[in-house]
Colleague: 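One structure is given below, represented as structure tokens, and several questions about it will come after.
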There are 2 protein chains.
Amino acid sequence: MKDQRRQRSKRATAEDVARHLGVSQSTISRAFTPAASVSDDMRRKVIEAAAQLGYQPNVIARSLITRRTNMVAIVIGNLVDPFYTTLLDTLMQHLRAAGKQTLLLSPGPGEHVDAVLPALLQYQVDGIIITSATLSSEMAQICAQRETPVVLLNRYVPGVDIQAVSCDNVLGGRQIAEHLVALGHQRFAFVAGQPDSSTSLDRQQGFVSTLAQLGFPSCAIEQGGEYSYEAGRTAAQRLLQREPPHAVFFASDIMAFGGMDAFREAGMEVPGDISVAGFNDVPAATWPAYSLTTIRHPLETMAQVVLRRLGLVPKEEPSCVGSTTLIRGELVIRSSTGPRRTPDKDSVQLVA
Amino acid sequence: MKDQRRQRSKRATAEDVARHLGVSQSTISRAFTPAASVSDDMRRKVIEAAAQLGYQPNVIARSLITRRTNMVAIVIGNLVDPFYTTLLDTLMQHLRAAGKQTLLLSPGPGEHVDAVLPALLQYQVDGIIITSATLSSEMAQICAQRETPVVLLNRYVPGVDIQAVSCDNVLGGRQIAEHLVALGHQRFAFVAGQPDSSTSLDRQQGFVSTLAQLGFPSCAIEQGGEYSYEAGRTAAQRLLQREPPHAVFFASDIMAFGGMDAFREAGMEVPGDISVAGFNDVPAATWPAYSLTTIRHPLETMAQVVLRRLGLVPKEEPSCVGSTTLIRGELVIRSSTGPRRTPDKDSVQLVA
DNA sequence: TTGAAAGCGATACCAA
DNA sequence: TTGGTATCGCTTTCAA
């Protein structure tokens, strides 16, 4: 009696449905396998009986033999920066559409991605998406050996054989530079994010080199240290201790917000006294308090490419070659950049 | 030859380690089971050999028999509102500390939580955390039957037997009301969030009833419709079409930001002309552009209670009774609220 | 403390 | 199209 009640409390198995219908257990399995050969009639009967008994295939048991879990892992370094949460949102929507579950991992502060991957591989995820961080080549090799496709999103490592998808940061820096020069500015500054990240370095390079090409060989570089509001703010304050630039390009929107607030606290008007541009186009960039000129990531496209690279789009093989896809971002001009209200005399002279 | 290479590419199993060491496979299993009876010597040898062969226990196979996956599911409705992503961040840190992985689900727009739960139960998660949404009593019963603990976070359903953890929203509304009255305001408004959410309703009730107790029986109620910047902004614009209040309490910070921007666009100063308060204390609430007075959720405490309710804290049983834990939030006073610069005459008269 | 053997709940191959 | 049967990689009695 007690045992019976216990049995009841457990979930129904394929065996239960088979007995109920007087067929073999294999048949039940087939009814739940889209490609299997079962008569429509039988499948209908099985599905019906399953619904009645509350049977659902046990994905754990299935995974044990198929070696696929229908789960994709997303490693995300930062849940505070709205850019990454927006990116996460987009990725999850696409994964859901592809019938995949999301296993989310966020390495603790100071913890390397390499440290969380083994735990991940244990779960036999069908693919791994790593945002805002990179991977050692040893770890990449282990993943390749396990045949678990990995793709780096918003980062890439030139030397290592890992797939990567990213916005074209060099181009983004160039777009910002051209825009600021077109507005007539002559003294520029760049506020860097994480010093070792390809994102920050590329944006800087695109910005600085384009400025040089356009006839402005010097650009103040201020190290922010990290992609945060506070980092942007203090960097901006340091910037003001020297001769203030006409226009500042921050490595990310959140930093730009901090910078704008610092400039305003110093009594400056944006863009009247100083123009500010960011990168990412987070939702708050549209808010009138900031109305930030920035580069918009092609999120939808990026997500599509990532899924394709993982082999999650039907007619596509996971490509294992360590190639990098760069996607062009879009310059979004808002009111944080504009011509200067009071150009200084000597600068005008320089142009003339 | 080909087969051998295939074998190599697959991950090592406990069997492989056993052969390598000349012991039984059971022994390998025991070495990886903390409570099992193995000699320290043997365990050391096994761990060492495992590391050498790159063996890690297959959690899928383990889960099949133990019926526990070490995964906890978090259902989150919104990845755009920084409050929810901050909450997610806190929860994940605590789950990680408890050795649990996070399976993240975000129902699509217009999709009910009930619809995503079956998929979740298939994965045999050890617990389910649902934020910003609720659950039908049928679904709750199914979870109870499966013995999967569920806890609602930041929501609760009075009638249904589901565990819930939430900030005390009624008290929060009261705290805001008392603060605004103490500042000398006399005409109030509340901007609601999602009309059917317990969060919005409770905040409103606490606010309105406290105002009444303090001698201000009337309070304008404006329906925002949802918890978004845009909703807050348009609600504020509607509010201004009537006689503007002295102080407005928005159901969430993000709405309050939209409201403040709308007020400023209308030429009003905050708090000189109008005081604004929010709820949640998201990171941006500290930014000088807003510097928002709000209620801070006790995130750490909430996360701890949730884990305890799920039975994830060692010496704690998952409590299956559908009780609700309300935790007191903290009033954080910033500069979006303050005394009015120019009190109108007739209002002053009312007080006298 | 260790080894042998019986499952866990499915999939997949081979006959029928 | 269906029914048997051998896995998948581990945990868990039960003996030794």
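Numbers restart at 1 for each chain; the letters A, B, ... are given by sequence-line order, proteins then strands.
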Colleague: Side chains of A/Ser136 and A/Glu138: donor-acceptor distance under 3.5 Å anywhere?
Modeller: yes
Colleague: Within this structure, what is the CZ-to-C1' distance between B/Arg68 and C/dG9, rounded to whole angstrom?
Modeller: 19 Å
Colleague: When you get a sec, tell me which of C/dG3, D/dC10, C/dA10 is the closest nucleotide to the side chain of B/Ser24?
Modeller: C/dG3
Colleague: In terms of side-chain geometry, is the basic nitrogen of A/Glu111 or B/Arg96 positioned less than 4.0 Å from the acidic oxygen of its partner?
Modeller: yes
Colleague: State whether B/Ser29 places a side-chain N or O below 4.0 Å from either non-bridging phosphate oxygen (OP1 or OP2) of D/dT11.
Modeller: yes
Colleague: From CG of A/Leu64 over to P of D/dG9, roughly how many Å is that when rounded to an integer?
Modeller: 7 Å
Colleague: Can you measure A/Gln25 atom CD to C/dC8 atom C1' for me and round it to whole angstrom units?
Modeller: 12 Å
Colleague: It should be established whether A/Ser63 places a side-chain nitrogen or oxygen under 4.0 Å from OP1 or OP2 of nucleotide D/dC8.
Modeller: no
Colleague: Please tell me if A/Ser37 has a side-chain N or O lying less than 4.0 Å from either OP1 or OP2 of D/dT2.
Modeller: no
Colleague: Closest-nucleotide mapping onto DNA chain D: is B/Tyr55 or A/Gly22 further toward the 5' terminus? I mean the 5' end.
Modeller: A/Gly22
Colleague: Without decimals, in angstroms, what is the distance between B/Phe32 CZ and D/dG9 C1'?
Modeller: 13 Å
Colleague: Going by ring pair (Phe, Tyr, Trp, His ring centres under 6.0 Å), name the pairs with one or both residues in residues 83-138 of chain B, residues two or more places apart or in two chains.
Modeller: B/Phe83-B/His297
Colleague: Would you mind telling me which of D/dT1, C/dA4, D/dG9 lies closest to the side-chain atoms of A/Arg67?
Modeller: D/dG9
Colleague: Extract from the structure each pairing of a protein N or O with an N or O of nucleotides 13-16 of chain C at less than 3.5 Å, listing the distance.
Modeller:
residue : atom : partner : partner atom : Å
C/dC13  : N4   : A/Arg30 : NH2          : 3.3

Colleague: Considering only NZ, NE, NH1 and NH2 on the basic side and carboxylate oxygens on the acidic side, decide whether A/Arg11 and B/Glu147 come within less than 4.0 Å.
Modeller: no
